[in-house]
Amino acid sequence: MSPAPQSDDSESAKLDFIREIVARDVQANTHQGRVHTRFPPEPNGYLHIGHAKSICLNFGIAQEFGGKCNLRFDDTNPTKEDVEYVESIQEDIRWLGFEWDELHFASDYFEQLYEWSCELIRKELAYVDSQTLEEIRQQRGTATEPGQESRYRNRSVDENLDLFSRMRSGEFADGEHVLRARIDMASKHLILRDPLMYRIRHAEHHRTGNQWCIYPMYDYAHGQSDAIEEITHSICTLEFDTHRPLYDWFIEKLGIFPSHQYEFARLNLTYTVMSKRKFIDLVDGNYVDGWDDPRMPTLSGMRRRGYTPEAIRNFCSEIGVTKYNGLTDLVVLENALRADLNKRAERRMAVLDPLRVVITNYPEGESEELDAVNNPEDESAGTRKIPFGREIFIERDDFMEDPPKKFFRLGPGREVRLRWAYFLTCQEAIKDEDGNIVELRCTYDPETKGGNAPDGRKVKGTIHWVSAEHSVEAEVRLYDHLLKVENPADMPEGQDWKEALNENSLSVLKGCRLEPSLADNDGAMPVQFERKGYFIQDARDSAAGHLVFNRTVSLKDSWSKKGRR
RNA sequence: AGCCCGAUGGUGUAACGGUAGCACGAAAGAUUCUGAUUCUUUUAGUCUAGGUUCAAAUCCUAGUCGGGCUACCA
């Protein structure tokens with residue numbers, strides 16, 4: 001399939017430890033120099049930015065080494081999985097810019113897996129255990145004490161074969177029997193203490209329907225699926241590293257294609273959570289609006305928020321791949337996003353907190369159109385016309401009645417530039433009876449049309465504005481961190497991570513005023529509201545009569561930072 | 001607790017026995033019709049203790065700290 005463009009680091013990029021292994025294997029002509037990876041999600045939830053790291057790694061390696069990457073759904077637990085997720089996962093991967101070479105489902109291998117189980121039984125390497133869950137658990141032993149062998153451990157091959165086939169044919173209820181690998185109940189690797197291979201589950205599977213009532217466990221299904229697909233490098237996250245001895249054991253005993261497993265550290269980001277379990281808590285607890293809430297680190301949420309695939313890919317390449325379990329600062333992600341949006345987003349003007357300005361020396365009842373540059377970073381984006389008139393709106397915090405010296409914006413008697421328009425001088429602030437400023441009376445200099453003074457005088461500040469008459473109203477949603485703490489794994493004793501939820505993570509601004517070109521903006525196009533940030537029209541709630549914009553990310557703001565000090 | 005994995009500026013990473021480098025952040029400055037962008041400069045690091053070696057971030061041993069495993073989840 002056609003490779004997507006890989007992230008923008010080129011040849012100068014250093015190889016991470018996994019790519020080093022792959023490069024070495026190619027060099028040594030292992031598997032005839034063939035490279036084949038896979039991305040193996042369980043279809044039981046939506047993909048998140050952590051999955052993006054794995055996707056970029058697996059698909060990226062395939063592209064870089066001229067290999068292949070499969071998408072394989074690890075659908076071995078019918079009670080948790082659903083086609084809804086199968087579809088959303090594919091959508092998200094494609095959106096990220098990758099295309100799989102082969103699409104597989106572990107459930108397609110159930111018959112082969114069953115046959116291999118029989119082979120292990122015949123080799124006396126697997127047996128049917130008829131103990132209860134509780135008994136099995138108790139016999140497992142502890143980290144310091146060995147486990148005990150099941151009283152069913154030495155059943156004959158024939159009895160095992162018979163029982164296993166009757167398990168398959170549905171003779172038994174859930175939990176009556178399991179199939180176990182016969183390894184070593186005294187092993188220091190707890191995972192090798194006769195791990196379960198199959199359990200009985202009378203449940204309908206989203207793909208195989210009611211064809212099966214026994215389902216393989218992850219450890220028995222995953223490595224064998226890798227082997228069937230002749231995966232050369234099976235890349236997974238760190239928590240599976242204790243499973244590797246078992247992964248290798250099955251492959252060795254079955255004598256099948258020797259896939260190898262390599263583990264890397266999953267992504268952790270500050271101020272957010274990154275697990276399906278916690279996402280479910282957020283959605284079910286109505287802390288967010290759903291899996292695609294723009295505050296969620298799910299790919300669907302990030303897409304709705306206005307993240308671009310390129311930004312995510314660049315981020316993944318910047319953070320690297322190691323076995324160190326770190327915590328990546330969210331600003332790294334946000335900067336990757338700003339860098340990408342800065343190049344591609346067209347500029348528009350929008351006033352989020354409008355303050356009316358009457359330009360007293362501008363002729364009443366008249367208006368004009370001015371030229372504005374769409375993207376100073378990209379000349380090909382061209383220009384557009386923006387209407388200007390006697391009454392405009394400016395941002396409320398662009399005016400101060402008693403401004404400090406370093407405030408470059410509007411104040412009584414001060415002159416600023418209206419972006420792409422004229423110089424404007426504030427003459428008077430009109431207040432209501434409570435002393436709130438409700439309107440500004442200003443004058444403009446007709447000689448400064450376009451934004452430059454013929455006499456060469458300079459102004460320190462340029463502010464954005466919209467025409468009162470021509471602007472359109474919109475709702476704007478601003479987002480902040482989901483959590484108030486950097487690391488939810490680090491909560492004080494006895495505190496649940498949900499106590500750290502930021503109750504101000506969403507603020508909804510109504511009555512915002514946008515320049516009219518935004519009314520028929522192609523909804524999918526990211527835009528920069530000048531001096532405010534990058535925004536995108538909300539894909540779900542925005543309609544012709546009711547514009548809704550999401551703030552993707554703010555611009556860097558060294559002014560407000562200074563104020564804090 | 002046993003086993004496994006890990007530890008380099010604030011954060012994320014590179015250096016593969018031979019000059020500790022990069023990015024982000026932070027700080028200062030320049031430019032600027034976005035207090036954005038861009039550019040310049042500065043900042044700050046090898047967990048600890050031993051050992052091997054002419055030479056250790058790198059190899060060895062022990063310790064400390066962090067993570068994982070002890071599901072009929074993946």
Side-chain angles (χ1 to χ4, degrees), chain A residues 12-17 20 40-42 44-45 74-77 79-81 129 132-133 136-137 140-145 147 174-175 177-180 187-191 193 195-201 214-215 217-219 221-222 236-245 263 265 270 276-277 318-336 338-339 342-343 347 349 372-373 376-377 406-409 416-421 423 448 450-452 458-464 486 489 528-533 554-562:
Chain A
S12 64
K14 302 245 168 45
L15 296 186
D16 56 68
F17 81 100
E20 267 182 22
E42 183 188 15
N44 71 342
D74 232 332
D75 55 347
T76 57
N77 187 354
T79 62
K80 291 189 173 172
E81 297 152 7
D129 197 347
T132 63
L133 201 178
I136 290 175
R137 222 174 247 168
R140 189 143 23 224
T142 66
T144 41
E145 305 154 42
D174 289 7
H177 307 279
V178 290
L179 186 72
R180 289 231 251 170
S187 174
K188 295 214 167 189
H189 290 285
L190 291 300
I191 197 89
R193 318 250 258 225
L196 270 59
M197 294 169 62
Y198 273 92
R199 74 287 216 192
I200 301 173
R201 276 255 203 291
I214 55 172
Y215 291 93
M217 303 288 292
Y218 167 85
D219 285 304
H222 197 92
C236 62
T237 44
L238 248 32
E239 68 271 24
F240 291 100
D241 123 318
T242 48
H243 295 236
R244 185 157 18 91
E263 310 87 17
T270 55
K276 278 175 205 165
R277 180 67 247 167
E318 274 169 33
I319 56 174
V321 179
T322 63
K323 300 185 81 149
Y324 175 71
N325 210 307
L327 180 63
T328 299
D329 198 327
L330 186 63
V331 302
V332 178
L333 212 209
E334 292 179 338
N335 280 325
R338 290 188 180 103
N342 179 47
K343 283 181 289 176
R347 274 56 168 171
M349 290 200 284
V373 171
E377 306 285 324
K406 296 290 269 278
F407 187 78
F408 302 150
R409 287 114 92 153
V416 297
R417 175 189 293 110
L418 293 174
R419 182 84 157 146
W420 307 122
F423 284 11
T448 58
N452 290 302
K458 303 276 184 212
V459 286
K460 199 73 174 131
T462 299
I463 64 174
H464 60 280
E486 277 204 335
Q528 184 196 101
F529 289 176
E530 297 222 26
R531 304 206 304 134
K532 282 288 155 190
S554 66
L555 255 29
K556 277 191 201 158
D557 184 358
S558 56
W559 165 249
S560 72
K561 238 184 247 173
K562 271 192 178 109

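Residue numbers begin at 1 in each chain, while the letters A, B, ... track the order of the sequences.
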Reading nucleotides 60-71 of chain B 5' to 3', which nucleotides get B (base under 4.0 Å from a protein heavy atom), which S (sugar-phosphate only), which -?
-------SBSBS
Heavy-atom contacts, protein to nucleotides 13-19 of chain B, under 4.0 Å, summarised as B (base), S (sugar-phosphate only) or - (none) per nt, yield SSSB---
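Comparing A/Asn335 and A/Arg347 by the nucleotide of RNA chain B that holds the closest heavy atom to each, the one mapping nearer the 5' end is A/Asn335. For A/Lys323 and A/Phe529, each mapped to the nucleotide of RNA chain B holding its nearest heavy atom, the one lying further toward the 5' end belongs to A/Lys323.
Computed from coordinates, the A/Arg338 CZ to B/U34 C1' distance equals 14 Å when rounded to whole Å. Rounded to whole angstrom, the span from the CG atom of A/Leu179 across to the C1' atom of B/C72 amounts to 12 Å. Separating the NE2 atom of A/His222 from the P atom of B/C73 is a distance of 17 Å, rounded to the nearest angstrom. Atom-to-atom, CD1 of A/Ile136 to P of B/C72 comes out at 8 Å; the value is rounded to the nearest Å. Look at OH on A/Tyr215: it is 18 Å from P on B/C72, rounded to the nearest Å. For the pair A/Lys532 NZ and B/U37 C1', the computed distance is 18 Å after rounding to whole Å.
When the P atom is used for both B/U52 and B/U19, the distance is 22 Å, rounded to whole Å. The gap from the C1' atom of B/A27 to that of B/G9 amounts to 15 Å, rounded to the nearest Å. Taking the P atoms as reference points, B/G63 lies 47 Å from B/A28, given to the whole Å.
Judged purely by atom type and a 3.5 angstrom limit, A/Thr448 uses its side chain to pair as donor or acceptor with the backbone of A/Phe423. The backbone N or O of A/Thr462 sits nowhere less than 3.5 Å from a side-chain atom of A/Arg409 that would complete a donor-acceptor pair. At distances below 3.5 Å, at least one donor-acceptor pair connects side-chain atoms of A/Glu81 with backbone N or O atoms of A/Asn77. For A/Asp329 (side chain) and A/Val332 (main-chain N/O), no donor-acceptor pair under 3.5 Å exists by modelled atom type.
Residues satisfying the ring pair (Phe, Tyr, Trp, His ring centres under 6.0 Å) criterion with A/His189, sequence neighbours excluded, are absent altogether. Partners of A/Arg419 under the side-chain hydrogen bond (donor to acceptor under 3.5 Å, both in side chains) rule, at least two apart in sequence or in another chain, are A/Glu530. Residues meeting the side-chain contact (heavy atoms from CB on, under 4.5 Å) test with A/Phe17, sequence neighbours left out: A/Ile21, A/Phe264, A/Val321, A/Lys323. Remark: A/Asn325 pairs with A/Leu238, A/Asn268 by the side-chain contact (heavy atoms from CB on, under 4.5 Å) rule, at least two apart or across chains. When the salt bridge (charged side-chain N to carboxylate O under 4.0 Å, His left out) test is applied to A/Arg201, no partner is found at least two apart in sequence or on another chain. Shown here are the salt bridge (charged side-chain N to carboxylate O under 4.0 Å, His left out) partners of A/Glu239, two or more places apart in sequence or in another chain: A/Arg266. Applying the salt bridge (charged side-chain N to carboxylate O under 4.0 Å, His left out) test to A/Arg180 and every residue at least two apart in sequence or in another chain returns A/Asp129.
As judged by a 4.0 angstrom heavy-atom cut-off over every strand, A/Thr132 is placed among the base-contacting residues. Residue-level contact check: A/Thr270 touches neither bases nor backbone, having no heavy atom under 4.0 Å from any strand. When heavy atoms are screened at a 4.0 angstrom cut-off, A/Glu530 is found touching base atoms of the nucleic acid. As judged by a 4.0 angstrom heavy-atom cut-off over every strand, A/Leu327 is placed among residues touching the sugar-phosphate backbone only. Contact annotation for A/Pro40: no contact, since no heavy-atom pair falls under 4.0 Å across all strands. Note on A/Asn44: nothing from the nucleic acid sits closer than 4.0 angstrom, heavy atoms only. Among the heavy atoms of the strands lying under 4.0 Å from A/Phe407 is at least one base atom, whether or not backbone atoms are also near.
Look at A/Arg409 and you won't find any side-chain N or O under 4.0 angstrom from OP1 or OP2 of B/U34. For the OP1/OP2 pair of B/G35 and a distance below 4.0 Å, the side-chain nitrogens and oxygens of A/Arg531 include at least one atom meeting the criterion.
Taking the six-membered ring where the residue is Trp, A/Phe240 and A/Tyr218 present tilted rings, their angle falling between 30° and 60°.
In the set B/C4, B/G35, B/U34, B/U34 carries the atom at the smallest distance from any side-chain atom of A/Gln528.
Residue side chain A/Trp559 meets the stacking definition with respect to B/G35: its ring centre sits within less than 5.5 angstrom of the base's six-membered ring centre, and the planes differ by less than 30 degrees.
Counting only Watson-Crick and G-U wobble pairs whose two key distances fall under 3.5 Å, RNA chain B forms stems of three or more stacked pairs at B:1-7 with B:64-70, B:10-13 with B:21-24, B:25-30 with B:38-43, B:47-51 with B:59-63.
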Below 3.5 Å is the cut-off: list the nitrogen or oxygen pairs between protein and nucleotides 29-31 of chain B, distance only.
none

Enumerate all atom pairs, one protein N or O and one N or O from nucleotides 38-42 of chain B, separated by less than 3.5 Å.
none

